[in-house]
Amino acid sequence: MKNLQIAIGSDHAGFELKSLVKEWLDPQVEVLKDLGTNSEESVDYPDFAHAVAGEVEKGNYDLGILICGTGIGVDMTANKHQGIRSALCWNKEISKLAKTHNNANIISLPGRFITFEEAKEILDTFFNTNFEGGRHSRRINKISC
Ligand code: RB5
């Protein structure tokens, strides 16, 4: 994971898990850029999801991590970006498939429904799994409309 450049963002509901994830992940990657929010004060999740998705879409970061209460709002928002394939992951089996089959470039996490231990497993799997290509390349090329 040492050469990865990652952007991370959350709303207030994901702030606590994001803080724990940052502390754990920062020493393991080349760059971990936090695009907010910076407290548990109520904010609007699209503001932070667009910030992370925009940076990943432009190629400024390899991958993104987004966290809100359910993971749904940030996931929906990120997937409005043409260059983004965001996957809502709540266990490591799903995060493995999000990479092998979907080549997701953003992982969305449900901060109010998973523990930090679960988040570490999910992220470890996501960052250490490769896209399988082949028939899955054909399928992801059909996603955009
Ligand atoms: C915030 O209360 C909550 O709606 C948000 O974090 C997220 O779950 C939305 O999808």
Side-chain angles (χ1 to χ4, degrees), residues 1 4-132 136-145:
M1 303 212 290
L4 280 180
Q5 304 203 350
I6 296 170
I8 188 168
S10 75
D11 71 355
H12 53 287
F15 177 76
E16 186 182 353
L17 181 60
K18 184 181 70 172
S19 305
L20 295 168
V21 164
K22 273 173 58 183
E23 199 178 327
W24 165 75
L25 193 57
D26 190 60
Q28 304 186 60
V29 295
E30 190 176 305
V31 175
L32 182 62
K33 176 72 175 171
D34 185 358
L35 296 174
T37 188
N38 301 316
S39 75
E40 291 187 333
E41 189 181 326
S42 183
V43 290
D44 300 333
Y45 60 81
D47 296 339
F48 305 94
H50 281 308
V52 169
E55 289 297 306
V56 174
E57 191 175 32
K58 280 185 262 175
N60 293 337
Y61 295 90
D62 301 309
L63 295 169
I65 303 171
L66 286 168
I67 314 174
C68 67
T70 58
I72 295 171
V74 289
D75 190 53
M76 286 179 163
T77 306
N79 278 316
K80 293 291 179 189
H81 291 247
Q82 278 295 319
I84 295 301
R85 288 177 306 281
S86 176
L88 173 55
C89 296
W90 60 94
N91 66 34
K92 64 180 180 185
E93 289 77 18
I94 299 285
S95 74
K96 184 170 185 178
L97 288 164
K99 254 305 166 61
T100 55
H101 286 196
N102 309 110
N103 201 18
N105 51 10
I106 290 189
I107 182 166
S108 296
L109 299 176
R112 286 181 172 151
F113 295 90
I114 57 170
T115 64
F116 176 43
E117 290 307 311
E118 289 168 329
K120 284 192 286 187
E121 267 192 356
I122 292 166
L123 290 168
D124 241 335
T125 304
F126 188 73
F127 293 131
N128 290 299
T129 301
N130 294 319
F131 180 47
E132 272 180 19
H136 301 297
S137 293
R138 186 180 69 240
R139 291 168 186 166
I140 65 171
N141 285 335
K142 289 184 174 183
I143 292 175
S144 292
C145 55

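In listed order, ligands and their atoms are each counted from 1. For clarity, every value in this text was computed on a predicted model and none was experimentally measured.
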Which of the atoms in ligand 1, numbered in the order shown and given with their element, are less than 4.0 Å from a heavy-atom of [X]?
X	result
R112	1 (C), 2 (O)
H12	1 (C), 2 (O)
G69	5 (C), 6 (O), 7 (C), 8 (O)

Distance-only, no hydrogens or angles: does the [X] side chain make a donor-acceptor pair with backbone N or O of [Y] under 3.5 Å?
X	Y	result
N102	A104	no
S95	I122	yes
N79	D75	yes

Between ligand 1 and A13, is the shortest N or O to N or O distance under 3.5 Å?
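The answer is no, given that A13 and ligand 1 share no N or O pair closer than 3.5 Å.
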Do any N/O atoms on Y45 end up under 3.5 angstrom from N/O atoms on ligand 1?
no
For E93, is the CD atom crowded, meaning more than 12 foreign heavy atoms sit under 6.0 Å from it?
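Enclosed: over 12 neighbouring heavy atoms sit under 6.0 Å from CD of E93.
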Count the heavy atoms belonging to other residues, nucleotides or ligands that lie under 6.0 Å from NZ of K120, then report whether that count exceeds 12.
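Yes, enclosed.
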Among all protein heavy atoms, pick the one closest to [atom] and tell me residue, atom and distance.
atom	answer
atom 8 (O) of ligand 1	T70 N, 2.9 Å
atom 5 (C) of ligand 1	D11 OD2, 3.2 Å
atom 10 (O) of ligand 1	G73 N, 2.9 Å

Less than 4.0 Å is my threshold; does some heavy atom of M76 fall inside it relative to ligand 1?
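Distance cut 4.0 Å: M76 fails for ligand 1.
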Listing request: all salt bridge (charged side-chain N to carboxylate O under 4.0 Å, His left out) pairs with a residue in residues 44-58, at least two apart in sequence or in separate chains.
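Qualifying pairs: E55-K58.
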Shortest non-hydrogen contact between I140 and F131, atoms and distance
CD1-CZ, 3.9 Å
For atom 7 (C) of ligand 1, the option (of P110, G71, C68) bearing the nearest heavy atom
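The residue whose heavy atom sits nearest atom 7 (C) of ligand 1 is C68.
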